[in-house]
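Quick notes on the structure that follows.
All ligand and atom numbering here is 1-based and tracks the order in the structure.
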Amino acid sequence: MDYFLTEEQQMIRDLARQIAEEKVVPARAELDEKNEYPWEIIKTLAQSDMMGLFIPEEYGGLGKGCLELCIAVEEISRACVGVSTTYAANALGTYPILLFGTDEQKKKYLPDIAAGKRLVAFGLTEANAGSDAGGIQTTAKLEGNEYVLNGTKQWITNGGEAEIYTIIAITDKSKGPRGASAFVVEKGTPGFTFGKKEDKMGIRASSTRELIFDNCRIPKENILGRDGMGFIVAMKTLDSSRTGVGAQGLGVAQGAFEEAVKFARQRHQFGHPIISFQAVQHMLADMAIEIEAARSLIYSVARYVDSGAKDISKPSAMAKTFGTDLGMKVTTNAVQVMGGSGYMKEYPVEKMMRDAKILQIYEGTNQIQRNVIGQEIIKEAARKK
Ligand code: COS
């Protein structure tokens with residue numbers, strides 16, 4: 001299939017593929033086993049200008065959009081979703097600054113982020129506020145020229161490794177979600193520490209930590225957008241990033257499919273390579289059909305996002321749901337095609353299957369995505385009436 005990528009987009013794909021094959025594939029099993037953060041790979045991505053892909057040129061980035069980011073994320077995910085999670089979460093954490101930061105805030109933070117000198121993390125989730133993002137309890141109280149933060153964020157990707165944190169906290173409890181605000185908090189600020197590092201089923205190359213705020217004082221100027229806009233900042237950020245999560249599902253599906261094809265050609269049973277059996281061919285055919293369907297949807301949604309369209313909640317939720325459900329399905333079926341070998345750590349598909357699971361969960365479970373899509377369907381139907 002030809003997706004009519006520009007020459008520049010093809011170059012980005014080729015570069016991301018080269019880094020994935022030369023740096024990520026040889027390292028992924030060890031990073032997974034040791035639960036180790038992929039600093040060497042991040043350095044390579046930074047040297048190749050890939051960390052600033054989506055950041056405007058005036059702030060030191062390459063000035064590309066959602067499609068280019070999806071292409072890069074897809075290629076890295078084809079090799080390792082743990083690594084692509086660290087990469088994509090950096091974009092997730094940066095969106096609040098990109099979408100709501102003042103020019104001054106952008107000048108202060110974006111050049112270092114674009115250069116890969118400082119990583120970013122997004123802090124919304126808490127122990128009692130996962131799907132119910134409006135239920136956060138971390139507070140930010142204005143005292144003179146400072147906000148004082150108290151509370152704990154949970155399961156934060158890039159936690160501990162990132163230098164810059166975009167945090168959603170409650171500034172006015174009485175207003176519910178409308179009483180939340182967004183802030184930049186820098187690592188090293190007194191009162192800001194990290195809790196335990198999680199031991200996860202998959203994406204073990206990424207770090208997932210608690211962020212603990214104990215009377216953490218930050219300058220008043222660190223607010224992103226206006227006081228009370230925090231829930232909107234969070235939702236717009238997630239709207240912008242979810243297509244990329246779909247691309248992670250697409251990438252891991254592509255990687256697992258290629259492994260299954262390679263194995264099915266080599267493995268012989270009943271005197272024939274197993275790829276000669278229709279039962280196996282049909283499984284591979286279904287994978288191929290759905291991978292192209294996902295790529296078509298994800299690239300179309302990314303192009304729609306890049307067009308500047310405002311109503312991206314529904315399409316980005318669709319891209320996330322379709323791409324990540326596919327990632328789980330294809331990795332599971334790749335293990336099935338490879339049978340006992342697929343289940344062993346000697347082959348990469350068992351890790352791909354473990355990694356794929358989180359994609360249906362993070363940045364809004366796929367059940368929440370269906371709620372978002374359902375709500376939009378209701379609104380559209382009401383408008384037509
Ligand atoms: N863009 C802009 N505004 C939005 C929005 C969006 N995508 N989604 C909701 N809002 C606004 C609503 O319009 C509403 O504003 P008003 O109070 O002015 O009417 C406000 O935000 C609250 O919206 P709603 O009542 O729909 O919120 P709910 O508490 O019902 O929750 C969901 C909405 C479930 C969609 C939200 O909580 C969610 O996305 N949860 C998943 C969170 C998530 O992705 N977590 C992963 C953490 S980051 S890795």
Side-chain angles (χ1 to χ4, degrees), residues 73 81 84-96 99-100 120-138 151-159 162 165-182 198 200 203 206-211 224-246 248-249 301 304-305 309-321 324 357-380 382:
V73 165
V81 175
S84 77
T85 292
T86 65
Y87 180 69
N90 195 60
L92 173 73
T94 307
Y95 279 125
L99 298 174
F100 293 92
V120 198
F122 179 59
L124 169 67
T125 303
E126 297 179 6
N128 294 315
S131 293
D132 181 11
I136 57 167
Q137 286 166 2
T138 294
T152 301
K153 295 289 173 184
Q154 186 179 256
W155 299 332
I156 305 305
T157 305
N158 286 343
Y165 294 79
T166 46
I167 301 295
I168 312 296
I170 297 289
T171 39
D172 185 347
K173 265 187 197 162
S174 66
K175 291 189 179 158
R178 282 189 194 163
S181 303
E198 302 292 347
K200 307 186 292 290
I203 59 160
S206 70
S207 81
T208 311
R209 301 263 309 250
E210 277 178 342
L211 314 180
L224 291 164
R226 287 190 312 279
D227 195 302
M229 276 181 73
F231 197 72
I232 304 290
V233 173
M235 291 299 118
K236 293 269 181 214
T237 292
L238 292 166
D239 284 348
S240 301
S241 71
R242 280 175 179 156
T243 311
V245 185
Q248 288 189 284
V301 173
Y304 187 62
V305 171
K310 298 282 174 237
D311 55 340
I312 61 167
S313 295
K314 186 172 90 168
S316 63
M318 286 176 162
K320 196 266 179 185
T321 308
T324 62
K357 187 63 215 172
I358 192 63
L359 302 175
Q360 294 179 303
I361 299 170
Y362 70 20
E363 290 194 41
T365 63
N366 286 4
Q367 286 71 25
I368 285 290
Q369 305 309 313
R370 288 178 170 92
N371 285 359
V372 169
I373 296 163
Q375 289 302 315
E376 292 297 323
I377 292 170
I378 292 169
K379 281 188 218 159
E380 283 163 18

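- Under a 4.0 Å heavy-atom criterion, Q369 is not in contact with ligand 1.
- Atom 48 (S) of ligand 1 has its closest protein heavy atom at L238 CD2, 3.8 Å.
- Remark: minimum distance from atom 42 (C) of ligand 1 to any protein heavy atom is reached at G130 O, 3.8 Å.
- Distances from atom 32 (C) of ligand 1 to the protein include no heavy-atom value under 4.0 Å.
- Remark: minimum distance from atom 7 (N) of ligand 1 to any protein heavy atom is reached at D239 OD2, 2.9 Å.
- Proximity of Y362 to ligand 1 is not established, as no heavy-atom distance is less than 4.0 Å.
- Among all non-hydrogen protein atoms, the one lying nearest atom 18 (O) of ligand 1 is R178 NH2, 2.9 Å.
- Contacts of A133 with ligand 1, taken as heavy-atom pairs under 4.0 Å, involve both backbone and side chain.
- Closest to atom 28 (P) of ligand 1 among all protein heavy atoms lies F231 CZ, 4.5 Å.
- Closest to atom 39 (O) of ligand 1 by heavy atom, among E376, E363, K320, R242, is R242.
- When hydrogens are left out, the protein atom nearest atom 47 (C) of ligand 1 is T125 OG1, 3.2 Å; that is the closest non-hydrogen contact.
- Scanning the protein for heavy atoms near atom 8 (N) of ligand 1, the closest one is M235 CG, 3.5 Å.
- The closest approach between any non-hydrogen atom of A89 and ligand 1 is not below 4.0 Å.
- Given atom 37 (O) of ligand 1, the protein heavy atom at minimum distance is S131 O, 3.3 Å.
- Counting heavy atoms under 4.0 Å from ligand 1, residue N371 does not touch it at all.
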